[in-house]
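Beneath this line is the structure, given in structure tokens, with notes to follow.
Side-chain atoms are counted along with the backbone in the values below, which use heavy atoms only and exclude waters and symmetry mates.
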Amino acid sequence: MISVVVPALNEQDEIGNTVARIKAVLAGAGLDGSEIIVVDDGSADATAARAEQAGALVLRHPHNVGYGRSLKDGIAAARHDLIVINDADGTYPVEAIPELVASMHKGFDMVVGARTGEHYRESLLKMPLRRILRWIVEFTAGRSIPDINSGLRAFRRSIILQYYDHLCDTFSFTTSMTLAYMMTGRFVAYVPIDYNKRVGRSKVKLFRDSMKTLQYIIEAAIYYNPLKMFVLMACLVLAASFVSFVLALVVQLTVFFFIGVGGIISSVIIFSLGLLAVLLRQIMMKSARIEVHGSESRPSDGASLAKIEQREPSPDRRSSVVELASDASQASAAPNQRLG
């Protein structure tokens, strides 16, 4: 059994069809008892009502808080450990869900639908940006990544909860998830899928969301592997300093020579800051391990959240504690009443 989480914002024209298709696929694959959770992220239309009519469990946000936050809330509300996320705009082939689930049973921590087809490559402006962002993510992760932000993927709830503090609440949620899994040694597989034409208007602002994604990629790279980013910056500055030396020889201007010397000094400083960042991260991780486990045993990155959740008492236990406290207070009050 699985839980399918679908974030939606003003998708009344397609959400009913998407839910119906997912239900049919789950029934055909023998995944009876699965659930479909639609997270309505402050829609101003009939998205929530049509999702309910189609048979989905609907969670509502009073206003728009972001794609990533919607997925987080849906995953947290899921009853099953095996999660599949899918968009509500009809772009992803839900018929691929059984294949993703089957691959999960082979031991992978996450299986991603890698988009292909003419509709995925339809924009001449999007493709260069995608390639740039993908190169940066691949450089950071140190491995080839066919699709860094596909919205159709399968994973386990018990694992992703460990990374909640490091996952983006907005459009870059899937990119941050890809980086988190890759940088902590998780097993990730990719399955080619056909990307369909979108129903309705896209909510993505190309330049704004691309800049936000780039910002998060750099932040994640500095968090998971800071030295690699500082080495890259140091190499760029060092290359610029050598260009300055060449210009100094060609045009016979000493100013370029001094710029080159300054660049070499700057590259050394940048590399030193990278070493300091590595040391700082090691100290932070060690402190987190001591705080959560009370010892220096080494968990995987982001394990703090899962351990804390395990320590939290269940609702029934909380209610029992409250009742016991109430009984104790009444018992202590009784002698005072007799003395009065």
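Checking L273, V231, L279, V278 one by one against P226, the side chain to side chain contact (heavy atoms under 4.5 Å, CB included) holds for a single residue, V278.
A salt bridge links E52 with R60: the closest approach of a Lys/Arg side-chain nitrogen to an acidic carboxylate oxygen falls below 4.0 angstrom. Salt bridge D81/R156: present, at least one basic N to carboxylate O contact under 4.0 Å.
Interatomic distance, S3 OG to L82 CG, rounded to the nearest 0.5 Å: 8.5 Å. If you take OG1 on T116 and CG on D147, they are separated by 9.5 Å, rounding to the nearest 0.5 Å. For the atom pair I2 CD1 and M104 CE, the distance stands at 10.5 Å (nearest 0.5 Å). The OG1 atom of T140 sits 8.5 Å away from atom CD1 of I218, with the distance rounded to the nearest 0.5 Å. With rounding to the nearest 0.5 Å, the separation of CG in L276 from CG in L227 is 11.5 Å. Here the CD1 atom belonging to I160 is positioned 8.0 Å from the CG atom belonging to L71, to the nearest 0.5 angstrom.
Residues passing the salt bridge (Lys or Arg N to Asp or Glu O under 4.0 Å) test with D73, sequence neighbours excluded: R69. A search for salt bridge (Lys or Arg N to Asp or Glu O under 4.0 Å) contacts involving E138 returns R134, not counting sequence neighbours. For D169, the salt bridge (Lys or Arg N to Asp or Glu O under 4.0 Å) partners at least two apart in sequence or on another chain are K72. For S176, the side-chain contact (heavy atoms from CB on, under 4.5 Å) partners are L167, C168, Y216, not counting sequence neighbours. Applying the side chain to side chain donor-acceptor pair (under 3.5 Å) test to Q12 and every residue at least two apart in sequence or in another chain returns nothing. Among residues two or more places apart in sequence or in another chain, the salt bridge (Lys or Arg N to Asp or Glu O under 4.0 Å) test is passed with D45 by none. Residues satisfying the side chain to side chain donor-acceptor pair (under 3.5 Å) test with T91, not counting sequence neighbours, are D89. Every residue two or more places apart in sequence or in another chain that forms a side chain to side chain donor-acceptor pair (under 3.5 Å) with S43 is listed here: D40. Take V237 and apply the side-chain contact (heavy atoms from CB on, under 4.5 Å) test, not counting sequence neighbours, and it matches S266, S267, I270. Every side-chain contact (heavy atoms from CB on, under 4.5 Å) that E95 has, sequence neighbours left out, goes to R21, V25, P93.
The cluster map of Ile, Leu, Val, Met, Phe, Trp and Tyr, joined by side-chain heavy atoms under 4.5 Å apart, puts F173 and V65 in different clusters. Under the 4.5 Å side-chain heavy-atom criterion for grouping Ile, Leu, Val, Met, Phe, Trp and Tyr, W135 is connected to V188 within one hydrophobic cluster. Residues L238 and L232 are members of separate hydrophobic clusters, defined by side-chain heavy-atom contacts under 4.5 angstrom among Ile, Leu, Val, Met, Phe, Trp and Tyr. Linking ILVMFWY residues whenever their side-chain heavy atoms come closer than 4.5 Å, directly or via other members, places V5 and L57 in the same cluster. Hydrophobic clustering (side-chain heavy atoms under 4.5 Å, transitive across Ile, Leu, Val, Met, Phe, Trp, Tyr) groups I265 together with F245.
Looking at every heavy atom in both residues, A78 comes nearest to I37 through CA-CD1, 3.7 Å. What you find for D41 and G66 is that their closest heavy atoms are OD2-N, 3.0 Å. Pairing each heavy atom of I217 with each of L179, the nearest pair is CA-CD1, 4.0 Å. Contact detail for A8 and A88: the closest heavy-atom pair is CB-CB, 3.9 Å.
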Evaluation steps, side-chain contact (heavy atoms from CB on, under 4.5 Å), between V112 and T174: CA-CA 10 Å; V112 183; T174 48; over 6 Å; no
Between F271 and F230, does a ring-ring contact (aromatic ring centres under 6.0 Å, His included) hold up when you go through it step by step? CA-CA 6 Å; F271 179 74; F230 280 96; 9.4 Å; no
Please lay out, stage by stage, how L9 and N64 fare under the test side-chain contact (heavy atoms from CB on, under 4.5 Å). CA-CA 8 Å; L9 173 62; N64 177 252; 3.5 Å; yes
Can D87 and L152 be said to form a side-chain contact (heavy atoms from CB on, under 4.5 Å), step by step? CA-CA 7 Å; D87 287 357; L152 178 62; over 6 Å; no
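Side-chain contact between V191 and S103: present, with at least one pair of heavy atoms (C-beta onward) separated by less than 4.5 Å. Between M110 and I159 there is no side-chain heavy-atom pair separated by less than 4.5 Å. With a 4.5 Å cut-off on side-chain heavy atoms, L59 and V38 do not count as touching. In this structure, the side chains of L133 and T175 stay at 4.5 Å or more apart for every pair of heavy atoms. Between K23 and I36 the shortest side-chain heavy-atom distance falls below 4.5 Å. The shortest side-chain heavy-atom distance between N196 and Y92 does not fall under the 4.5 Å cut-off. Considering only heavy atoms from C-beta on, I15 comes within 4.5 Å of V6 through its side chain. In this structure the side chain of R153 reaches within 4.5 angstrom of the side chain of M177, judged on heavy atoms.
Put simply, the side chain of S70 never gets that close to the backbone of V39: no donor and acceptor are under 3.5 Å apart. Between the S150 side chain and the G113 main chain, a donor and an acceptor come within less than 3.5 Å of each other. Although no hydrogens or angles enter the test, the distance criterion places no donor-acceptor pair under 3.5 Å between the side chain of R157 and the main chain of I83. When atom types are taken as modelled, the side chain of N10 and the backbone of A44 share a donor-acceptor pair closer than 3.5 angstrom. Side-chain atoms of E35 come within 3.5 Å of backbone atoms of R79 as a donor-acceptor pair (strictly under, hydrogens ignored). With hydrogens and angles ignored, the 3.5 Å screen pairs no side-chain donor or acceptor of H166 with any backbone N or O of Y224.
Note on residues 25-74: no pairs pass ring pair (Phe, Tyr, Trp, His ring centres under 6.0 Å), not counting sequence neighbours.
For the residue pair E11/T47, the side-chain donor-acceptor check at 3.5 Å is not satisfied. For the residue pair N149 / R115, a side-chain donor-acceptor distance below 3.5 Å is found, with atom types taken as modelled.
Environment of NZ in K228: crowded, with over 12 heavy atoms of neighbouring residues, nucleotides or ligands closer than 6.0 Å. Applying the 6.0 Å contact sphere to CZ of F187 captures no more than 12 heavy atoms from other residues, nucleotides or ligands.
In this structure, the ring of Y181 has its center less than 6.0 angstrom from the ring center of Y163.
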Would you list the atom pairs, donor with acceptor, under 3.5 Å between side chains in residues 250-259 and any protein atom, with sequence neighbours excluded?
| residue | atom | partner | partner atom | Å |
| --- | --- | --- | --- | --- |
| Q252 | NE2 | L249 | O | 2.7 |

